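Please read all numbers here as calculations on a predicted model, not as lab measurements. Order of appearance sets the numbers: ligands from 1, and atoms from 1 within every ligand.
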Amino acid sequence: MMHDNVSLFFNRAADHLELNDQLRTILLTPNRVVRVEVVTESDTGGLLHHLGYRVQHNGARGPMKGGLRFHPTLDEKHAASLASLMTWKTAVADIPYGGAKGGINCDPSKLSESELYAITTTFVRLIKEVIGPTIDIPAPDVNTNAKVMGWIMDEYSKYYGFSPGVVTGKPVDLFGSLGREEATGRGVMLALEECLQDKGEALTNVTVAVQGFGNVGSHASRLIAERGGKIVAVSDISGGIANDNGLDIAALNDWVSDKGGVQGFPDARSIEGDEVIAYNADVLIPAALEEAITTENAGQVQARFVVEAANGPLSCEAHDMLTEDGVTVIPDILANAGGVTVSYFEWSQNIQQFRWEELRVVNELDNVMRRAYRGVADLAKGDKIDLRTAAFVLAIKRVARAVVSRRAVRHLLPANLLE
Ligand code: NAD
């Protein structure tokens, strides 16, 4: 299960830092866990019953930040694990936030728009006291989008007045940021570009396979292709397609908008969705769901680079199998940090009531991602550890320093955490 993986990765880095048990407990325990009962009316006059969650993991470095997921499998443990991942991700990107996650255990594909609206706004009414622009700022995640974020802003503002900074990932027409929609994909491209440069390679020389062609996968594919990378295989829930001469990503985007999935795209051969993981490409980008690569299929991976665009796409064992085989894995808390980074820019714009031009967003994101990559890669090289352990080490140091600096106990911090 994914929640165990996050703790395993955390503990590996904590071992490297020789972190004491007390600090481990403090850093692993969520600050606040909220569970609410969301009862709404269905379109047919019946009642709908769901559970909503918000887990605020750690707020030492700033207000909590993290997505809202609408998915039938969401539960408290899962939300807690994803919230913890957000704490480490915001620390790696060095943006002034803590980590949170939440959502509702519903299946939006089975709900009408009015039912979804009622569930969302009821959830906001139930958690409104524990979120807010200086407390906890939700964002989109699986099955939530700009439209849902707009509803959240509107509902929250009914109680607290005009509050665009309560949520990010809003529509650009409703105080959203230019460049937010593509931000995670852009960050994935930037992390890969930096990593390739590190190894004396370049985007123009690599072939890339992408699992998942939603928000993150499609924008990452487009931006990598624009910089000369060759996208040779793509899959989504409808199946997979491949073309070793490179897929035309602009045409594929049009196709997916029209048909709803990649399957049947002309100028490509059809493959099984699972084949993308094992595809003969230099780079593999899992951009769909958790645990796409486990001990079952890690041995089939042919790529030399794996970029975790999704959250938790590799199990801990799969990560170890790949790194032992010499594969470079760019971990999720670094690779997909572009989304939360531009969420931070959106929140900053909302607070200042000042809109940035798109070029500014793009340039600032470029700075944050390249700096984050360098910080992690330098630590990995210096300490002879893999990129994931290095990312967790960097994040743990930053969060631990903030935790103790808030109290009169900074002297308790081991010397290696002050470096
Ligand atoms: P999305 O819903 O837009 O896209 C998901 C894609 O995965 C879809 O194309 C879907 O068809 C595909 N998919 C689902 N199951 C699949 C399977 N078994 N095989 C192949 N493809 C499959 O979601 P998204 O926003 O692109 O998020 C993708 C991942 O990235 C998630 O893990 C999410 O948590 C993570 N993430 C997203 C953001 C963001 O800003 N959207 C930020 C950070 C991390």
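Sorted by first and then second residue, the pairs that involve residues 246-273 and meet side chain to side chain donor-acceptor pair (under 3.5 Å), not counting sequence neighbours, are R269-Y279.
Residues L334 and Y373 form a side-chain contact, since some pair of their non-hydrogen atoms from C-beta on lies under 4.5 Å apart. With contacts defined as side-chain heavy-atom distances shorter than 4.5 Å, the pair N297/Q300 qualifies.
Checked against the 6.0 Å centroid threshold, H16 and F392 do not count as a close aromatic pair. Side-chain rings of F123 and Y53 stay apart, their centers remaining 6.0 Å or farther from each other.
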Could you walk me through whether R186 and D366 pass the salt bridge (charged side-chain N to carboxylate O under 4.0 Å, His left out) test, one step at a time? CA-CA 9 Å; R186 181 173 287 280; D366 201 279; 5.8 Å; no

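Enumerated by chain and number, the residues approaching ligand 1 to less than 4.0 Å through a heavy atom are R69, D141, R180, T184, Q211, G212, F213, G214, N215, V216, S235, D236, I237, A287, A288, L289, A309, A310, N311, N336.
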